[in-house]
Amino acid sequence: MKALDYSGMHAPRYMGISTFMRTPFVSDVAGLDIVLVGVPYDGGVENRGGQRHGPREMRNASTMLRTIHHVTRFNPYENCRIADIGDVPIKAVYDIRGAHADITAFFKKVHASGAVPLSAGGDHSISLPILRAIASDEPVGMIHIDAHTDTCDEELGERYTHGTPFRRAVEEGLLDPERTIQIGIRGAQNSTEGWDYSIESGMRVIFIEEFVEMGVDRVVTEARRVAGDGPVYLSFDIDGLDPAFAPGTGTPEIGGLTPIEAQRLVRGLQGLKFVGADVVEVSPPFDPSGNTALLGATMMYEILCILAYSVSRADGRS
Ligand code: MN
Ligand code: MN
């Protein structure tokens, strides 16, 4: 397959309209293997918002990124047709159910085209409408990196928030809890119901203390065991990282993953059958340094490499 025109990489990186990873902006998903999508929505947040500004700042930060991975030497752009297809046009910005319907409608078109989506949020509520689009045929497993399980039943009487998406996803038959692992969980809660639901539904929950005890390599082994051979989604909440590195997020919890731990964790997942991924909860207004957006964009690149490996291996390209 012919690679897309990737001439953006040959121009100075400060020049031109910023797209994710300086990929071409394409409005028609036909013929693409992997699509990079912004989901600028933060109506699911109870406390500190600003995640609606995540996609634009991550696009800008992502112009720092290059092509060949320094460990694997894999170049996703040589192996797959990858483009930025813009932001989900969210019309119902004041209505979470309507906004989620807008997101699902967009990702249904992506899914129908056969492309694998890598999305930039947005708050974590966006993962549910994405899963409604791409996991409606069969439930998916999930690798979930986060300080929080996001499996509460409701917040302040609302069932659709950034603290509830994966409980809804299990209830709706989109997520197989037995093939789901949550990594990096920590921080006090006012109720244990989220932790309890995750464990009782069959998810493997690795609190940060167990993560530190096990080390990255054994966590990778465990994640691969849980996810198995079936389709799997990767959801990366930037608050899984320690706020010393990623302060620009709504619900910071100290004692989190370091960037190199998160990078090694994602790299270790290469070869799983990924059907999509997201990086969520980057809130640029809480980090004027811009480093949180750079971390988000860099984790997108790490994830893009393993998605591209999955796609190219599936059709025998690599
Ligand atoms: Mn989350
Ligand atoms: Mn979180």
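We use all heavy atoms of the structure for the numbers below, so side chains are in, but hydrogens, waters and symmetry mates are not. Whatever order the structure lists ligands and atoms in, that order sets their numbers, starting from 1.
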Discussion item. Strictly below 4.0 Å, N to O, side chains only: are Arg52 and Asp87 in salt-bridge contact?
Written reply: no

Worksheet item: Are any side-chain N or O atoms of Asn75 and backbone N or O atoms of Ile68, one a donor and one an acceptor, separated by less than 3.5 Å?
Response: no

Item to complete: Measure from the Mn ion (ligand 1) to every N/O/S atom of Asp150 and report the name of the nearest one.
Response: OD2

Discussion item. Could you check whether Arg186 pairs with Asp146 (Lys NZ or Arg NE/NH1/NH2 to Asp/Glu carboxylate O, under 4.0 Å)?
Written reply: no

Worksheet item: Rounded to 10 degrees, what angle sits at the Mn ion (ligand 1) between Asp146 OD2 and Asp237 OD2?
Response: 90°

Item to complete: Would you check if the Mn ion (ligand 1) lies under 2.8 Å from any N, O or S atom of His124?
Response: yes

Response to the item:
So the angle subtended at the Mn ion (ligand 2) by Asp239 atom OD2 and His148 atom ND1, rounded to 10 degrees, is 90°

Worksheet item: Do Arg167 and Glu154 sit within salt-bridge range, that is, some charged N less than 4.0 Å from a carboxylate O?
Response: no

